[in-house]
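Have a look at the structure below, then the notes.
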Amino acid sequence: MEIPAALIERLEGARRVSALTGAGVSSESGVPTFRGPKGLWKQFRPEELATPEAFQRDPRLVWEWYEWRRSKIASCSPNAAHRVLADWERRFEEFWLVTQNVDGLHDRAGSRNLVKLHGDLWELRCAGCGVRERNEAVPLPAIPPRCHCGNLLRPAVVWFGESLPEAAWRRAVEVARSCQLFFVVGTSALVQPAASLPWVAREAGACVVEVNPDSTPFTPFADVSLRGPAAVVLPALDQVICQVGQRDEESS
Ligand code: BV8
Ligand code: ZN
């Protein structure tokens with residue numbers, strides 16, 4: 001994968017770097033994306049399943065979909081892209097990762113400076129008393145699962161029409177505003193407000209790099225567009241970063 005010289009130059013001086021990921025970063029791990037030919041939404045429509053109304057109307061159906069996704073993701077492992085993003089916490093003075101993904105693969109790859117905009121598939125929360133629990137059982141003993149208070153437990157994810165967690169959104173905007181380099185990896189850049197983060201970074205003067213095999217509505221506005229799968233492009237980028245790091249060490 002050829003990395004443009006202009007990007008190598010920006011990488012040389014970069015201290016504060018951030019990334020936004022979407023479902024595409026997990027596709028090489030075997031996790032289905034939402035759009036695209038075999039996309040998740042193909043079989044289901046978001047308004048049918050990933051909304052509070054759908055859960056109200058038919059909690060069992062919504063849980064069957066989440067059980068299916070949990071069982072699929074349970075057999076997936078982080079791929080090279082997840083691992084590189086976890087390594088970048090040690091490569092740069094300050095690296096933060098903002099993800100739209102709920103699959104938990106960034107955690108499993110070792111990312112710690114991680115902002116989860118849309119929650120976590122492996123956490124349940126009570127629709128009544130608000131209690132939250134981590135539960136990785138596949139399958140769950142019974143669906144829809146019930147809280148000890150008698151109310152239904154729901155996946156601790158953000159559904160369409162629900163607000164993002166305040167603190168997570170605030171942190172994500174801060175991170176996009178303060179970085180010198182902003183990577184947009186594996187997202188169709190369609191779901192708001194996450195899709196506004198590359199714009200926030202761009203307006204704050206960051207160099208915005210898109211990593212995606214396809215073009216997206218943001219592509220024309222990216223400073224650099226690396227057209228390829230994340231599990232190929234990110235390791236290639238990481239190699240350049242290591243070489244630059246070695247050069248710095250030799251020259252200092
Ligand atoms: C909110 C958790 C308001 C659940 C998710 C009309 C216009 C604009 C906005 C709206 C509108 N109507 C409604 C809205 C708002 C709505 C929205 O944006 N809708 C969209 C559909 C238009 N947003 C919301 O509702 C948000 N909340 O706005 O609240 C509010 C305000 C105040 C008070 C009350 C309410 C909440 C949105 C969060 C929804 N939850 N997930 C779950 O997962 O079950 S969204 C879910 O879908 C993901 O988290 C992600 O965000 C999105 C999917 O997008 P991607 O991750 O980008 O994945 P996708 O498949 O689309 O694309 C994959 C990409 O990867 C592709 O580009 C592909 O080319 C690329 N790729 C493929 N292979 C690879 C690759 N890239 C790299 N390497 C590869 N190998
Ligand atoms: Zn409860």
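Just follow the structure's listing: the first ligand is 1, and inside any ligand the first atom is 1.
When the options N212, D120, V62 are ranked by their closest heavy atom to atom 70 (C) of ligand 1, first place goes to N212. Heavy-atom proximity to atom 31 (C) of ligand 1, evaluated over P155, G24, S196, S163, is greatest for S163.
Residue contact check: G22 has heavy atoms under 4.0 Å from atoms 56 (O) of ligand 1. Near V191, with a cut-off below 4.0 Å to any heavy atom, the atoms of ligand 1 are 18 (O), 37 (C), 47 (O), 51 (O), 52 (C). Atoms of ligand 1 found under 4.0 Å from any heavy atom of Q100 (numbered from 1 in listed order, with element): 48 (C), 49 (O), 50 (C), 51 (O). Within ligand 1, the atoms closer than 4.0 Å to a non-hydrogen atom of G186 are 63 (C), 64 (C), 65 (O), 76 (N), 77 (C), numbered from 1 in the order shown. Proximity to A23 (heavy-atom distance under 4.0 Å) selects the following atoms of ligand 1: 55 (P), 56 (O), 58 (O). Taking every heavy atom of T187 and a limit of under 4.0 angstrom, the matching atoms of ligand 1 come to 55 (P), 57 (O), 64 (C), 65 (O), 67 (O). Near D214, meaning under 4.0 Å from any of its heavy atoms, are these atoms of ligand 1: 69 (O). Each of the atoms 4 (C), 42 (C), 44 (O) of ligand 1 lies under 4.0 Å from some heavy atom of Y66.
At a 4.0 Å heavy-atom cut-off, ligand 1 touches A230 through backbone and side chain alike. At a 4.0 Å heavy-atom cut-off, ligand 1 touches E28 through the side chain alone. Contacts between R69 and ligand 1 below 4.0 angstrom, taking non-hydrogen atoms only, involve the side chain exclusively.
Across V138 and A74, no two heavy atoms sit closer than the pair CG2-CB, 4.1 Å. Closest non-hydrogen pair, N151 versus G128, comes out as ND2-CA, 3.4 Å. Minimum heavy-atom separation, P193 to W169: O-CH2, 3.2 Å. Shortest non-hydrogen contact noted between V25 and N79 is O-ND2, 2.8 Å. When all heavy atoms of L11 and F183 are compared, the closest pair comes out as CD2-CZ, 4.2 Å.
T51 places a side-chain N or O within donor-acceptor distance of the main-chain N or O of A54, the cut-off being under 3.5 Å. The closest donor-acceptor contact from the side chain of Q180 to the backbone of R16 lies under 3.5 Å. Using a distance-only test at 3.5 Å, with no hydrogens or angles considered, a donor-acceptor pair links the side chain of T216 to the main chain of F218. At distances below 3.5 Å, not a single donor-acceptor pair connects side-chain atoms of R125 with backbone N or O atoms of R154.
Where the criterion is an N or O separation shorter than 3.5 Å, residue side chain and backbone included, F34 meets it with respect to ligand 1. An N or O contact shorter than 3.5 Å is missing between G228 and ligand 1 by distance. Considering backbone and side-chain N/O atoms, S27 comes within less than 3.5 Å of an N/O atom of ligand 1. An N or O contact shorter than 3.5 Å is missing between P229 and ligand 1 by distance. Considering backbone and side-chain N/O atoms, V158 comes within less than 3.5 Å of an N/O atom of ligand 1. Any N or O atom pair closer than 3.5 Å counts here, and Q192 shares at least one such pair with ligand 1.
Of the charged side-chain nitrogens involved, none lies within less than 4.0 Å of a carboxylate oxygen, so that E53 and R57 do not count as a salt-bridged pair. The pair D223-R10 fails the salt-bridge criterion, with no side-chain N (NZ, NE, NH1 or NH2) lying under 4.0 Å from an Asp/Glu carboxylate O.
The closest approach between a heavy atom of A194 and any atom of ligand 1 is not below 4.0 Å.
Looking at residues two or more places apart in sequence or on another chain, you find no ring-ring contact (aromatic ring centres under 6.0 Å, His included) involving F182.
The distance from atom CZ of R134 to atom CG of D120, rounded to the nearest 0.5 Å, is 4.5 Å.
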Determine all donor-acceptor pairs shorter than 3.5 Å in which one atom belongs to a side chain in residues 197-208; sequence neighbours excluded.
from: R202; atom 1: NE; to: F221; atom 2: O; distance (Å): 3.0

Verdict with supporting geometry, E174 and R171, salt bridge (charged side-chain N to carboxylate O under 4.0 Å, His left out)
CA-CA 5 Å; E174 229 173 270; R171 184 72 193 127; 2.5 Å; yes

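Within the structure, the ring-ring contact (aromatic ring centres under 6.0 Å, His included) test picks out the following pairs touching residues 104-141 (sequence neighbours left out): H82-H106.
For the Zn ion (ligand 2), protein N/O/S neighbours under 2.8 Å (waters excluded) are C126 SG, C129 SG, C147 SG, C149 SG.
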